[in-house]
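Below is one structure, written out as C-alpha cells; the observations come after it.
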Amino acid sequence: MSIKLVFLFTLFSFSVLGDGDGNSGKYPIVVSTWPFTEAVRAAWRIVDSGFSAVDAVTEGCSACEELRCDGTVGPGGSPDESGETTIDALIMNGVTMEVGAVAAMRYVKDGIKAARLVMEHTKHTLLVGEKASAFAIAMGLPGPTNLSSLESIEKWGKWKENRCQPNFWKNVEPLHSCGPYHPKGNMDLGVAACSQENLMGIIESSSSHIGLHNHDTISMAAIDKMGRVAVGTSTNGATFKIPGRVGDGPIAGSSAYADDEVGACGATGDGDIMMRFLPCYQVVESMRQGMEPILAAKDAISRIARKFPDFVGAVVAINKNGVHAGACYGWTFQYSVRSPGMEDVEVFTVQPLNSSCNLICNK
C-alpha cells in the first residue's frame with residue numbers, strides 16, 4: 001500500500017472512530033433538565049447536523065421559550081409581585097469560557113438569544129433590567145413586547161385576592177396584606193437578631209413556595225461532534241418574586257457551567273438557595289478531580305441540603321465522554337437526553353437523596 005493510501009486510510013479511520021480517547025459514539029449529546037423533550041429534539045437536530053454546541057443550546061433553549069415550557073420558561077408566566085414577567089438567561093462556551101447573560105430583562109422574550117448577543121458582541125458577562133432590553137432590541141431582537149399573558153395576569157389577580165400570600169418576604173410588617181412592607185418592630189440587625197437555628201448553621205429556606213410549575217429553569221448542556229461543550233439556561237423566575245429579584249438562572253457556576261476539558265452541569269430548583277453554593281461549578285470541578293458524574297452531582301446537592309434541609313433542587317452532570325447522571329433533593333427530578341445510540345429523546349428519573357432510592361437512576 002502506498003504512503004498516500006495509508007495516509008488516506010488513517011485519516012478516514014480517525015474521522016469515523018473519534019479522537020482516540022474512547023469517545024466514539026458518545027457524542028454529539030444533548031442533556032436538559034426536566035422532560036423538555038421538544039427542546040432537546042430542537043438542539044439535537046442542530047448538533048447532529050454538525051453545528052456547534054453553542055448553536056445547539058441556543059436553539060434548544062429558544063424552543064423552550066417559544067413553547068413556554070411548564071409556564072416557567074419564556075414569556076407569559078411567573079408574574080412578580082407587580083404582575084410583570086421578566087426573563088433571566090445565560091449561555092456559556094466551554095471552549096473559550098466566555099459567558100453571556102441577561103437578568104430581570106423586560107420587554108424582550110428571547111432570553112437565550114439576548115444572552116448570546118452579550119457573549120458575542122460585548123466584553124461583559126451580564127446585563128440587567130431595562131438596559132438589557134434596550135441592548136437586545138438594538139442588536140436586532142424583537143421588542144418591546146408585553147411579556148405577560150392572560151394566564152399570568154389571572155394568576156396574579158388570584159394571588160392579590162389571597163392577600164398576596166404566599167410571598168418571599170420575611171421579618172416584615174404587615175404580615176397579612178400586600179404591603180408596603182417595613183422591618184418588623186425595632187428590628188436589631190446585630191447579633192441579637194440571629195435565631196438559634198442560625199447559630200446552629202441550619203437555616204430555613206423559601207422552598208415551601210417552590211414547586212415544579214412555579215419556579216423552574218431549562219438548563220441544557222450539549223457536546224458537539226468536535227467534542228466542544230456549551231451550556232444554556234432560560235427562565236422567567238419564581239412566581240410572585242419581589243420585583244428586581246434575580247435567581248440563579250443567569251449566574252455562571254450556579255445554574256450551569258461548562259469546560260470542554262471536563263464536562264458540564266445544569267441545575268434547577270430554589271435558585272435563591274442554590275446560587276449561594278455554585279453547585280454547577282462544584283460539579284465540574286469535582287469531575288476535574290476524577291469524580292464520576294453521579295458522585296459529583298450527589299456531593300453538590302448534599303452540601304446544600306446540610307445547610308438548608310428543606311430546600312428543593314437538582315443538578316444534572318455530564319462529563320466530556322458523554323457519561324451523565326443526576327441528583328436531587330426534596331423532589332423527584334427528571335432530565336432528558338439524546339445521544340447517538342438513542343432513537344429519540346429519553347427521559348431519566350432520579351429519586352431524591354433523602355429517600356432510600358437515592359442511588360437509582362431509572363429511565
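Both F135 and L147 are part of a single hydrophobic cluster, where members link through side-chain heavy atoms under 4.5 Å apart. Both V350 and W331 are assigned to one and the same hydrophobic cluster, defined by single-linkage of ILVMFWY side chains at heavy-atom distances under 4.5 Å. Residues L127 and I251 do not share a hydrophobic cluster, clusters being chains of Ile/Leu/Val/Met/Phe/Trp/Tyr side chains in contact below 4.5 Å.
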Worksheet item: Does the side chain to side chain contact (heavy atoms under 4.5 Å, CB included) test come out yes or no for I218 and S32, once each step is laid out?
Response: CA-CA 7 Å; I218 180 171; S32 171; 3.5 Å; yes
Practice prompt. List the steps, then state whether side chain to side chain contact (heavy atoms under 4.5 Å, CB included) holds for Q334 with V347.
Written response: CA-CA 7 Å; Q334 292 183 304; V347 176; 3.9 Å; yes
Discussion item. As a quick check of understanding, evaluate side chain to side chain contact (heavy atoms under 4.5 Å, CB included) for V283 and M287, giving each step before the final call.
Written reply: CA-CA 6 Å; V283 165; M287 292 193 298; 4.1 Å; yes
Item to complete: For side chain to side chain contact (heavy atoms under 4.5 Å, CB included), just list the numbers for V102 and V128, CA-CA rounded to whole Å, side-chain angles, deciding distance to a tenth of an Å, and then say yes or no.
Response: CA-CA 5 Å; V102 292; V128 303; over 6 Å; no
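Within 6.0 Å of NZ in K113 there are 12 or fewer heavy atoms belonging to other residues, nucleotides or ligands. For H124, the NE2 atom counts as loosely surrounded, since its 6.0 Å shell holds 12 or fewer non-hydrogen atoms of other residues, nucleotides or ligands. More than 12 heavy atoms of other residues, nucleotides or ligands lie within 6.0 Å of CE in M342, so this atom counts as buried by the packing criterion.
Comment: D48 does not engage R338 in a salt bridge, judged by the lack of any side-chain N to carboxylate O separation of less than 4.0 angstrom. Using a cutoff of 4.0 Å between basic side-chain nitrogens and carboxylate oxygens, E66 and K109 are scored as salt-bridged. Using a 4.0 Å cut-off between charged side-chain N and carboxylate O, E261 and R288 make a salt bridge. Between D272 and R245 a salt bridge is recorded (basic side-chain N to carboxylate O distance below 4.0 Å). The residues E154 and K158 are annotated as salt-bridged, a charged nitrogen and a carboxylate oxygen being separated by less than 4.0 angstrom.
Side-chain contact between N171 and P183: absent, with no pair of heavy atoms (C-beta onward) separated by less than 4.5 Å.
Residue R116 holds its CZ atom at 13.0 Å from CG of D110, rounded to the nearest 0.5 Å. Considering CD1 of I318 and OH of Y335, their distance stands at 9.0 Å, rounded to 0.5 Å. Atoms CD and CZ, from Q351 and F333 in turn, are 12.5 Å apart once rounded to the nearest 0.5 Å. To the nearest 0.5 Å, the span separating OG on S254 from CG on D248 amounts to 4.0 Å. Y27 contributes atom OH, which lies 11.0 Å from atom CZ of R228 (distance to the nearest 0.5 angstrom).
Remark: the S52 side chain and the D55 side chain contain an N/O donor-acceptor pair separated by less than 3.5 Å. A donor-acceptor contact under 3.5 angstrom links the side chains of T268 and W34, judged on distance only. A donor-acceptor pair shorter than 3.5 Å cannot be found between the side chains of D70 and T72. For the residue pair N236 and S78, a side-chain donor N or O sits within less than 3.5 Å of a side-chain acceptor on the partner.
Note: F348 and H324 meet the aromatic proximity criterion, with ring centroids under 6.0 Å apart. Ring centroid separation for the pair Y329 and F311 comes in under the 6.0 Å cut-off.
The salt bridge (Lys or Arg N to Asp or Glu O under 4.0 Å) analysis of residues 81-99, with sequence neighbours excluded, yields the pairs E84-R106.
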